[in-house]
2 protein chains.
Amino acid sequence: MTKDYGQFCGLARAARVLGERWALLIVRDLSVGPRRFKDIHEGLPGVPTSVLTTRLRELEQMEVLERRAAEQPGGGVLYALTAYGAELTPILDRLGRWGAQRMSAPEPGEILTSSSLAAALRAAYRPGIISAPTTYLIHAGAASAWASAGGEDLDVGADIPVCDPDVVIHAGPRLRLLLAGRLSPEDAVTSGELTIEGPAADLEVFAQAFHVPLALTVSPTASEGP
Amino acid sequence: MTKDYGQFCGLARAARVLGERWALLIVRDLSVGPRRFKDIHEGLPGVPTSVLTTRLRELEQMEVLERRAAEQPGGGVLYALTAYGAELTPILDRLGRWGAQRMSAPEPGEILTSSSLAAALRAAYRPGIISAPTTYLIHAGAASAWASAGGEDLDVGADIPVCDPDVVIHAGPRLRLLLAGRLSPEDAVTSGELTIEGPAADLEVFAQAFHVPLALTVSPTASEGP
DNA sequence: CCGAATCCGGCATGATACTG
DNA sequence: CAGTATCATGCCGGATTCGG
């Protein structure tokens, strides 16, 4: 018995691949850029290597991703989205915004990875707000991602940008509330839960250009501290 | 030991619910209209009632759907999307179009249900092509769905429309090729694999207003080294 | 070191039967 | 109609081991 749904339906075909465990998060990570097996594995805590191998093969067979030979550091394999797989990016961004509506604070044990932060920044971007091209570097916990925005265009990546960033933001989980407009940039800075290197006014622009609404009555986190 | 992904990520939160088996197809069916337990079960061949019960409870707890008391025919229970769950409709439509790109003909054993046909018509609709409001009724195999289009708006449903349709189309699996533009309306009619009740010219408009491209050509995979 | 393959316990799934 | 009960299979999660 295969695990398809036996239906002549585009959504059922998509669900056959993307509905498998970890598949959506694998595509999410690759939507930020090509990754090695180890990178993907470390970015998805809890996935056994056997399952990851199986998923990568399935996604490769469906032509969502492809294996490439890494060149720079000692060979190895790079996994990258195909053009077909890259078409999923805006769809997963919308799905991520949908899911983020009920996500205000991390639950116990939840982590934030650099790739997911980069994907979240891309999903949060609202074109047409940032006039002067700006590169942001955001540190949130152990995760780091950058976003280079100018007019309608946006480029994101995990970890450290190639060129020097214009604005560097150090934040914590409450960055989510800033993106939702539930935490004003001034309060975030004055309370000390967010620091910014660069013009303080840039944080205002950042919070407007990167926005993910929150449809939830937020209970102010009773506990403070890490 | 829950089946969440342990990540503070909107997509991971969405995948926790929608990544479970059958969940996407349940939402798809409900996106067409409220359904009874039996309707959903019959529209998803192969799902055990125990699994369906579990999914419905999970989706209810996540406020994607809600249980209502059916009124008209002898009470019972109706499952319907909440406003939050209805926000998934355009996303699943895009995901369905993505998956349909590689779907030209049904594989052995694949069926077509009325709800999936209705959802496919909605996903295929391109606004601004149909000028005069028109109600189409499409029969494809054992499935029937209708679409009432006028200007920018569209309404779809499974089975039979409330008001009399303007155009009735009897088709088979090759309807997929018509929607992809790979089968001309004339050829479809002259070959006899599609019949139409009403003005034959309406089929031309239908094929233009309802379109889902098909990318079957083998991707050249222009691998560009990073 | 990276990219897996292998082994094993536990749980979800799929199939069928049965009940309020 | 709307589920619940039961059971075999197979996948997933965790750890270890193997090949380049």
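Each chain gets a letter, A, B and so on, in the order its sequence line appears, and its residues count up from 1.
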Quiz prompt | Whole-Å distance separating the CD1 atom of A/I26 from the P atom of D/dC12 | solution = 11 Å
Exercise. Might you work through the salt bridge (Lys or Arg N to Asp or Glu O under 4.0 Å) test for A/K3 and A/E20, ending with a clear yes or no?
Key: CA-CA 9 Å; A/K3 50 183 139 184; A/E20 294 299 306; 3.3 Å; yes
Quiz item: When we call it a touch if two heavy atoms are under 4.0 Å apart, what does B/E42 touch: a base, just sugar-phosphate, or nothing?
Solution: nothing
Practice problem: Report the nucleotide, chosen from C/dA4, D/dG13, D/dA5, that has the shortest atom-to-atom distance to any side-chain atom of A/V51. | Solution: D/dG13
Self-check item: Protein-nucleotide distance (A/K3, atom NZ; D/dC11, atom P), rounded to Å
Solution: 6 Å
Quiz item: Hey, is the side chain of A/R21 poking within less than 4.0 Å of OP1 or OP2 on D/dG13, counting only N and O atoms?
Solution: yes
Quiz item: Are any of A/R55's side-chain N or O atoms less than 4.0 Å away from OP1 or OP2 of D/dC11?
Solution: no
Quiz item: Is B/E42 salt-bridged to B/R35, cutoff N-O under 4.0 Å?
Solution: no
Quiz item: Would you call B/R102 and A/E63 a salt bridge, taking side-chain N to carboxylate O under 4.0 Å as the test?
Solution: yes
Practice problem: Work out which heavy atom in A/M103 is nearest to a heavy atom in A/L214; give both atom names and the distance. | Solution: O-CD1, 3.5 Å
Quiz item: Rounded to the nearest Å, what distance is computed from the CD atom of residue B/E20 to the P atom of nucleotide C/dA12?
Solution: 9 Å
Quiz item: When the distance from CG of A/L52 to P of D/dC11 is rounded to whole Å, what number comes out?
Solution: 17 Å
Practice problem: Give a yes or no on whether a donor-acceptor pair under 3.5 Å exists between the nucleobase atoms of D/dT4, that is its base, and the side chain of B/T49. | Solution: yes
Practice problem: Indicate whether OP1 or OP2 belonging to D/dA2 is found under 4.0 Å from a side-chain N or O atom of B/R36. | Solution: yes
Quiz item: Does a side-chain N or O from B/K38 land closer than 4.0 Å to OP1 or OP2 of D/dA2, or not?
Solution: no
Quiz item: Considering the options A/L65, A/L30, A/T54, A/L81, which one meets the side-chain contact (heavy atoms from CB on, under 4.5 Å) requirement together with A/L59?
Solution: A/L65
Exercise. Round to a whole Å and report the spacing from CG of B/D4 to P of D/dC12.
Key: 17 Å
Practice problem: Provide, to the nearest angstrom, the distance between the CG atom belonging to A/L25 and the P atom belonging to D/dG13. | Solution: 11 Å
Exercise. Grab the CD-P distance between A/E60 and C/dG3 for me, whole Å please.
Key: 14 Å
Exercise. Would you mind telling me which of D/dA2, D/dA5, D/dG14 lies closest to the side-chain atoms of B/F37?
Key: D/dA2
Quiz item: Between B/I40 (CD1) and D/dA2 (P), how many Å, whole number?
Solution: 9 Å
Exercise. Taking only the side-chain heavy atoms of B/Y79 (C-beta and beyond), determine which of C/dA4, C/dT13, D/dG3 contains the nearest atom.
Key: D/dG3
Quiz item: For C/dA4, does OP1 or OP2 lie under 4.0 Å from any side-chain N or O of A/R67?
Solution: yes
Quiz item: Between B/W22 and C/dG14, does any side-chain N or O lie under 4.0 Å from OP1 or OP2?
Solution: yes
Quiz item: Please walk me through it: do A/W146 and A/Y136 pass side chain to side chain contact (heavy atoms under 4.5 Å, CB included)?
Solution: CA-CA 5 Å; A/W146 56 271; A/Y136 301 89; over 6 Å; no
Quiz prompt | Contact nearer the 5' end of DNA chain D, comparing A/T54 with B/G76 | solution = B/G76
Exercise. Would you mind telling me which of C/dA4, C/dG14, D/dG3 lies closest to the side-chain atoms of B/P48?
Key: C/dG14
Practice problem: State whether B/R57 places a side-chain N or O below 4.0 Å from either non-bridging phosphate oxygen (OP1 or OP2) of D/dT4. | Solution: yes
